[in-house]
Amino acid sequence: MCHPVVTATLGVLSAAGGYLQDNQAVQAQKRANDRQRALVRQQTINKYDEIALKRQADRAAASREIDKNKRQALRRRESARTSAGERGSAGLSLNALIRDLGAQEGRANEGVRDQVRFSNAQLDTAARGGELQTGLKLNAIQDPATPSPFGAARSIAGHATTIRNELIS
């Protein structure tokens, strides 16, 4: 059987070592949580970048579509003027046809703009959803409680009292 002083000394060392080990484990978990938070933030940034690229692509496609509509409308108007000139007719009917072609172009371009607005609304919704998901993910990461040095100190003091009492007796 061990001498009570040795047992109490081992208790002191065990309490101090346990505290240090618990503290190291907590610090390691906090570092892992910090890495997880950084990953969640990076995923959010990537999602925003993806949304921004989608917006740019939508705007570019809309611009190309509007340009195509303008070229087609111009060709149609020129064709109408040429046809009218070849037939020798002009005037009110030609002007009405050209106005009608312009209105068709305007409606087509407005449809393209509507599609862009709808796509932007969807992307805004996706961005808000991403913000919500980020918040939920970050809130789900819980840091562990730091071990109390007072618990270790109480245990050490108890063992130290045992050592003192053994040495006195």
Side-chain angles (χ1 to χ4, degrees), residues 1-73 103-169:
M1 185 149 143
C2 286
H3 190 275
V5 172
V6 173
T7 303
T9 302
L10 290 175
V12 167
L13 295 175
S14 175
Y19 170 75
L20 292 175
Q21 186 177 13
D22 290 346
N23 198 34
Q24 288 173 348
V26 165
Q27 295 308 316
Q29 184 62 47
K30 284 183 179 181
R31 286 190 299 275
N33 288 353
D34 289 343
R35 286 189 300 272
Q36 182 66 25
R37 285 184 188 98
L39 178 64
V40 167
R41 287 184 183 106
Q42 187 59 50
Q43 288 171 338
T44 302
I45 290 168
N46 293 346
K47 184 68 175 174
Y48 285 140
D49 289 346
E50 181 183 313
I51 288 171
L53 288 174
K54 175 75 171 114
R55 283 184 203 277
Q56 287 176 346
D58 287 350
R59 281 194 303 266
S63 179
R64 286 190 303 273
E65 186 70 21
I66 288 172
D67 287 344
K68 183 180 102 180
N69 291 344
K70 285 180 182 181
R71 285 190 306 275
Q72 286 176 348
Q104 287 176 9
E105 175 192 1
R107 285 190 298 274
N109 290 342
E110 190 57 36
V112 171
R113 289 184 194 99
D114 285 344
Q115 288 174 344
V116 170
R117 284 190 286 272
F118 178 73
S119 177
N120 281 337
Q122 287 180 314
L123 293 172
D124 289 344
T125 300
R128 284 190 300 275
E131 291 170 4
L132 178 63
Q133 288 299 317
T134 297
L136 292 173
K137 288 177 183 178
L138 289 174
N139 287 338
I141 300 171
Q142 298 294 318
D143 282 332
T146 304
S148 171
F150 299 113
R154 185 179 54 218
S155 179
I156 290 169
H159 292 296
T161 302
T162 302
I163 293 170
R164 183 184 61 85
N165 290 342
E166 288 297 322
L167 291 176
I168 292 175
S169 56

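One-based numbering along the sequence shown.
- Between Asp58 and Lys54 there is a salt bridge, since at least one side-chain N of the basic residue sits less than 4.0 Å from a carboxylate O of the acidic one.
- Expressed to the nearest 0.5 Å, how far NZ of Lys68 lies from CD1 of Ile66 amounts to 11.5 Å.
- One finds the CD atom of Gln122 at 7.5 Å from the OG1 atom of Thr125 (value rounded to the nearest 0.5 Å).
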**Request:** Start with the C-alpha gap between Asp34 and Arg37, add the side-chain angles, then the distance that decides, and say whether salt bridge (charged side-chain N to carboxylate O under 4.0 Å, His left out) holds.
**Result:** CA-CA 5 Å; Asp34 289 343; Arg37 285 184 188 98; 3.1 Å; yes
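- When only modelled atom types and interatomic distance are considered, Glu50 and Asn46 share no side-chain donor-acceptor pair under 3.5 Å.
- Ion pairing between a basic and an acidic side chain is recognised when a charged N comes within 4.0 Å of a carboxylate O; Arg64 and Asp67 show no such pairing.
- Judged purely by atom type and a 3.5 angstrom limit, Ser63 has no side-chain atom pairing as donor or acceptor with the backbone of Arg59.
- Annotation: side chain to side chain contact (heavy atoms under 4.5 Å, CB included) contacts of Gln21 (sequence neighbours excluded): none.
- Salt bridge status for Arg128 with Glu131: absent, with no side-chain N to carboxylate O gap under 4.0 Å.
- Atom CG in Asp143 sits 8.0 Å away from atom CD in Gln29 (nearest 0.5 Å).
- Salt bridge present: Arg113 and Glu110 bring a charged side-chain N and a carboxylate O closer than 4.0 Å.
- Atom CZ of Phe118 sits in a sparse spot, with 12 or fewer heavy atoms from other residues, nucleotides or ligands closer than 6.0 Å.
- Summarising the geometry of Pro144 relative to Lys30, their closest heavy-atom pair is O-CE, 4.0 Å, with the distance given to 0.1 Å.
- When side chains are defined from C-beta on, Gln133 does not count as touching Lys47, because their heavy atoms never get closer than 4.5 Å.
- Look at Asp124 and Arg55 and you find a salt bridge, because one of the NZ, NE, NH1 or NH2 atoms lies within 4.0 Å of a carboxylate O, short of that distance.
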**Request:** Evaluate the side chain to side chain contact (heavy atoms under 4.5 Å, CB included) criterion for residues Ile45 and Gln42: first the C-alpha distance (whole Å), next the side-chain angles of each, then the deciding distance (0.1 Å), finally the verdict.
**Result:** CA-CA 5 Å; Ile45 290 168; Gln42 187 59 50; 4.1 Å; yes
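- Between the side chain of Asn23 and the backbone N or O of Thr146, no donor-acceptor pair lies under 3.5 Å.
- In this structure, OG1 in Thr134 is found 8.0 Å from CD in Gln43, a value given to the nearest 0.5 Å.
- With Ser119 contributing its side chain and Gln115 its backbone, the two residues share no donor-acceptor pair below 3.5 Å.
- To the nearest 0.5 Å, the span separating CD on Gln36 from CZ on Arg41 amounts to 11.0 Å.
- Of the inter-residue distances, the one linking Asn33 atom CG with Ile141 atom CD1 reads 6.0 Å to the nearest 0.5 angstrom.
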